[in-house]
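Read through the structure below, which is laid out as structure tokens, and then see the notes.
FYI, the numbering just counts along the sequence from 1.
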Amino acid sequence: MPYAITKRCIQCDKCLPQCPKGAIHVIDGDYWINPSLCNDCEGYMTPQCVLYCPVNSPVPYQAKKGRCKVDVNSVATQKLFSDGKGHPFASAIVIWELCNVLAQRQSLPWQVDVDGELYYQRQINGGKGAIAFRVTDSVNSESESVLKGAEALSAIEAFDIRSACLHLIYAAHATNLDRPWEEEFIINDRQIEDYLGLDKRKDLNKTTKLALIKELAQQPCKLIASIDLPTKGKIPGVYLEKSRLWHLLDIQHHFQEDDLGCKHLVGLTFTIKAGQWAEYFLNRQGCKERTAFYQYGTLPKALLNVVMSIWQQHEGAARMMLWLLFKTKIGREQRITIPTLMRVAYGERKLSQVSGHPENRQRLLRIFESDLEVLNYHGLKPIFDPVTYPLEIQPLWAKLVDIPEDADAALDFWIDDGSNGTRLTDAAPRGKWNRLMNARILYFEVPSEWKKQLAKSKKKQRTSSRKTKFKPQINLSVEYILEARKRLGLSQRDLARLTGKSQSWIRDIENGRFEAKLEDQMLLRKALGMN
């Protein structure tokens with residue numbers, strides 16, 4: 001049973017150095033024992049805090065009863081997911097790669113440099129640029145101490161895939177700021193519980209939730225990146241050396257005292273600031289002036305909930321889902337090879353280890369097909385390439401999708417299947433693994449809350465493909481239509497009347513649910529006086 005410090009404490013500091021677990025902390029001048037770290041001094045005859053305390057302040061910890069009251073100082077900045085579905089988030093390559101590091105951890109090919117520092121490096125832009133990540137022992141120090149050897153490996157293994165969700169939440173908060181590399185944002189434990197679905201976990205008490213949130217919130221801030229990107233058009237190159245991606249400036253603890261004066265942690269508030277990367281990749285003004293980028297996508301709230309629910313039983317599926325969040329932003333027709341997906345889900349090392357062992361290959365194949373089924377269940381439906389990934393080597397669940405729900409129709413279906421030379425339930429053909437290593441998935445059909453970002457990426461692709469001199473006049477962005485309508489003092493109903501469309505059509509256009517056709521864009525131009 002853990003211990004707690006009562007109001008009898010005289011702050012003599014005798015217990016602090018004696019705690020073998022480092023569970024005693026001094027916060028705002030008060031001594032507090034973290035119940036998630038205290039283990040009753042296992043292996044000792046007497047708890048050390050009790051032994052060395054001259055006033056018998058430590059007592060066995062009793063869980064707090066009743067409601068948790070948090071003071072008004074924990075007010076956070078703008079809440080995410082106002083529509084309950086999605087929110088813009090920074091989706092630059094550096095954010096993608098940090099998400100991969102947090103999700104894939106020791107599965108990535110970490111290397112050791114000449115100074116003995118452990119790092120993971122990824123070539124980008126066809127080898128013209130590179131991003132390298134290292135692990136530190138702090139969350140905000142400007143003079144980062146990079147971990148080496150066994151310490152670095154231990155820190156990497158301690159990373160939790162769920163911390164990638166906190167990283168994405170930070171990336172979403174950064175888009176609410178005009179200059180995120182200079183401005184801070186504040187987020188509290190109640191918001192994080194809501195975003196991650198922890199508020200619905202009745203099996204976890206408040207102390208356990210706060211301990212988990214605090215640990216997950218710190219992990220994205222323990223990585224630094226070295227970025228070397230060449231000049232792209234008029235945009236100058238980017239060079240950052242060992243730059244922190246997220247600065248955890250402050251953790252505010254909120255306590256509530258019981259009748260004995262024991263302090264119970266009832267809330268946390270985090271103050272965070274984006275690193276220098278945001279000046280190059282999340283710069284609105286610089287993007288307008290063509291001196292920087294503003295790269296963003298849509299973060300579905302459902303993705304965070306799914307990752308939090310499947311990370312133990314289907315970690316490979318969670319890894320692929322986080323990776324596909326960024327991959328699908330590039331566009332729908334992105335053919336993905338099966339070895340690529342397996343490397344994302346299980347790592348290069350594991351994939352190479354099973355190549356010469358048929359039993360291990362069969363086991364990995366079953367896990368992979370099960371993970372694909374989990375993705376399909378949560379709305380990420382794989383569309384198999386009929387040439388390289390034909391029906392006979394597809395997972396059984398994919399073959400059974402077309403079974404009719406009507407009993408009579410299902411009976412006819414199975415009768416037809418039994419009369420054919422091959423059946424859906426036949427064993428996999430010989431050489432399935434080798435064929436799978438050359439197979440591809442054409443794309444993933446994504447849930448509705450993901451489609452908004454895909455529509456934007458398609459729009460950009462169409463814009464870049466047009467070479468006519470009228471290109472700037474034809475393509476109307478959602479922001480441009482909204483700004484022009486408000487500048488003229490028109491309501492959505494007024495604009496609908498001028499264009500001969502319905503008000504709901506105007507509303508859908510301004511919400512980005514679909515893109516206006518060429519002839520409709522011309523109507524909008526005429527109504528808004530843009531000809």
Side-chain angles (χ1 to χ4, degrees), residues 96 99-109 160-162 164 303 306-328 330 332-403 422-447 450:
W96 187 0
C99 186
N100 289 337
V101 171
L102 293 170
Q104 300 177 40
R105 308 180 303 282
Q106 65 269 30
S107 299
L108 296 172
D160 192 313
I161 188 174
R162 292 172 291 180
L303 177 141
V306 171
V307 171
M308 293 295 293
S309 64
I310 69 173
W311 69 277
Q312 282 184 301
Q313 288 81 12
H314 298 280
E315 184 177 342
R319 289 181 176 185
M320 286 190 285
M321 184 172 287
L322 291 167
W323 184 79
L324 287 168
L325 172 65
F326 296 87
K327 183 67 173 178
T328 52
I330 300 174
R332 175 173 174 175
E333 299 298 333
Q334 292 289 323
R335 289 175 172 80
I336 306 170
T337 65
I338 299 306
T340 297
L341 273 181
M342 285 190 170
R343 290 188 191 98
V344 170
Y346 316 113
E348 177 69 43
R349 186 183 308 168
K350 189 169 185 178
L351 190 59
S352 60
Q353 287 175 347
V354 303
S355 59
H357 301 81
E359 299 83 4
N360 294 340
R361 285 189 304 190
Q362 291 302 318
R363 182 173 181 274
L364 184 61
L365 181 56
R366 287 194 296 270
I367 294 174
F368 175 69
E369 293 184 343
S370 175
D371 286 338
L372 279 185
E373 185 177 11
V374 171
L375 292 181
N376 182 74
Y377 175 79
H378 290 288
L380 286 166
K381 180 182 178 181
I383 304 301
F384 302 100
D385 180 8
V387 177
T388 62
Y389 210 152
L391 189 63
E392 61 264 22
I393 64 172
Q394 290 179 16
L396 179 60
W397 62 263
K399 301 177 184 178
L400 302 180
V401 168
D402 296 328
I403 297 178
T422 58
R423 300 172 179 83
L424 291 181
T425 55
D426 285 347
R430 185 180 297 273
K432 178 178 178 178
W433 176 268
N434 294 330
R435 294 178 64 181
L436 202 63
M437 290 300 98
N438 295 307
R440 295 177 299 184
I441 291 177
L442 296 179
Y443 59 91
F444 281 84
E445 288 187 356
V446 296
W450 292 41

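With sequence neighbours left out, Glu369 forms a side chain to side chain contact (heavy atoms under 4.5 Å, CB included) with Leu365, Pro395, Lys432. Every residue two or more places apart in sequence or in another chain that forms a side chain to side chain donor-acceptor pair (under 3.5 Å) with Asp160 is listed here: Arg162. Scanning for side chain to side chain contact (heavy atoms under 4.5 Å, CB included) contacts around Asn360 gives Val354, His357, with sequence neighbours left out. For Gln353, there are no side chain to side chain donor-acceptor pair (under 3.5 Å) partners, not counting sequence neighbours. Listed by chain and number, the residues in a salt bridge (Lys or Arg N to Asp or Glu O under 4.0 Å) with Arg361 amount to none (sequence neighbours excluded).
From Lys399, atom NZ reaches atom CH2 of Trp397 across 12.0 Å, with rounding to the nearest 0.5 Å. Cys99 SG to Ile161 CD1: the interatomic distance, rounded to the nearest 0.5 Å, is 8.5 Å.
Contact of the Met321 side chain with the Leu325 side chain is not registered, since no non-hydrogen atoms from C-beta on lie closer than 4.5 Å. Counting only heavy atoms from C-beta outward, the side chains of Ile336 and Phe444 approach each other to under 4.5 Å.
Ala439 and Pro339 make their closest contact through O-CD, 4.4 Å (heavy atoms, listed as atom of the first residue, atom of the second, distance). Gln394 and Pro390 make their closest contact through CG-O, 3.2 Å (heavy atoms, listed as atom of the first residue, atom of the second, distance).
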Residues 372-389, side-chain donor-acceptor partners within the protein, below 3.5 Å, at least two apart:
{"unit_1": "Asp385", "atom_1": "OD1", "unit_2": "Val387", "atom_2": "N", "d": "3.2"}
{"unit_1": "Asp385", "atom_1": "OD2", "unit_2": "Thr388", "atom_2": "OG1", "d": "2.9"}
{"unit_1": "Asp385", "atom_1": "OD2", "unit_2": "Arg440", "atom_2": "NE", "d": "3.4"}
{"unit_1": "Asp385", "atom_1": "OD2", "unit_2": "Arg440", "atom_2": "NH2", "d": "3.0"}
{"unit_1": "Thr388", "atom_1": "OG1", "unit_2": "Arg440", "atom_2": "N", "d": "3.1"}

Got a list of side-chain donor-acceptor pairs under 3.5 Å for residues 340-352, not counting sequence neighbours?
{"unit_1": "Thr340", "atom_1": "OG1", "unit_2": "Thr337", "atom_2": "OG1", "d": "2.7"}
{"unit_1": "Arg343", "atom_1": "NE", "unit_2": "Glu348", "atom_2": "OE1", "d": "2.6"}
{"unit_1": "Tyr346", "atom_1": "OH", "unit_2": "Phe368", "atom_2": "N", "d": "3.4"}
{"unit_1": "Tyr346", "atom_1": "OH", "unit_2": "Asp371", "atom_2": "OD2", "d": "2.6"}
{"unit_1": "Ser352", "atom_1": "OG", "unit_2": "Glu348", "atom_2": "O", "d": "3.2"}
{"unit_1": "Ser352", "atom_1": "OG", "unit_2": "Arg349", "atom_2": "O", "d": "2.8"}

Side-chain polar contacts of residues 100-109 - donor-acceptor pairs under 3.5 angstrom, sequence neighbours left out - could you list them?
{"unit_1": "Arg105", "atom_1": "NE", "unit_2": "Phe159", "atom_2": "O", "d": "3.2"}
{"unit_1": "Arg105", "atom_1": "NH1", "unit_2": "Ala103", "atom_2": "O", "d": "2.7"}
{"unit_1": "Arg105", "atom_1": "NH1", "unit_2": "Glu315", "atom_2": "OE2", "d": "3.3"}
{"unit_1": "Arg105", "atom_1": "NH2", "unit_2": "Glu315", "atom_2": "OE2", "d": "2.6"}
{"unit_1": "Ser107", "atom_1": "OG", "unit_2": "Gln104", "atom_2": "O", "d": "3.3"}
{"unit_1": "Ser107", "atom_1": "OG", "unit_2": "Arg319", "atom_2": "NH1", "d": "3.1"}
{"unit_1": "Ser107", "atom_1": "OG", "unit_2": "Arg319", "atom_2": "NH2", "d": "3.2"}

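Formation of a donor-acceptor pair under 3.5 Å by the Ser370 side chain with backbone atoms of Arg366 is not found in this model.
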Criterion side chain to side chain contact (heavy atoms under 4.5 Å, CB included) on Glu392 and Arg435, from CA distance to verdict: CA-CA 11 Å; Glu392 61 264 22; Arg435 294 178 64 181; 3.1 Å; yes
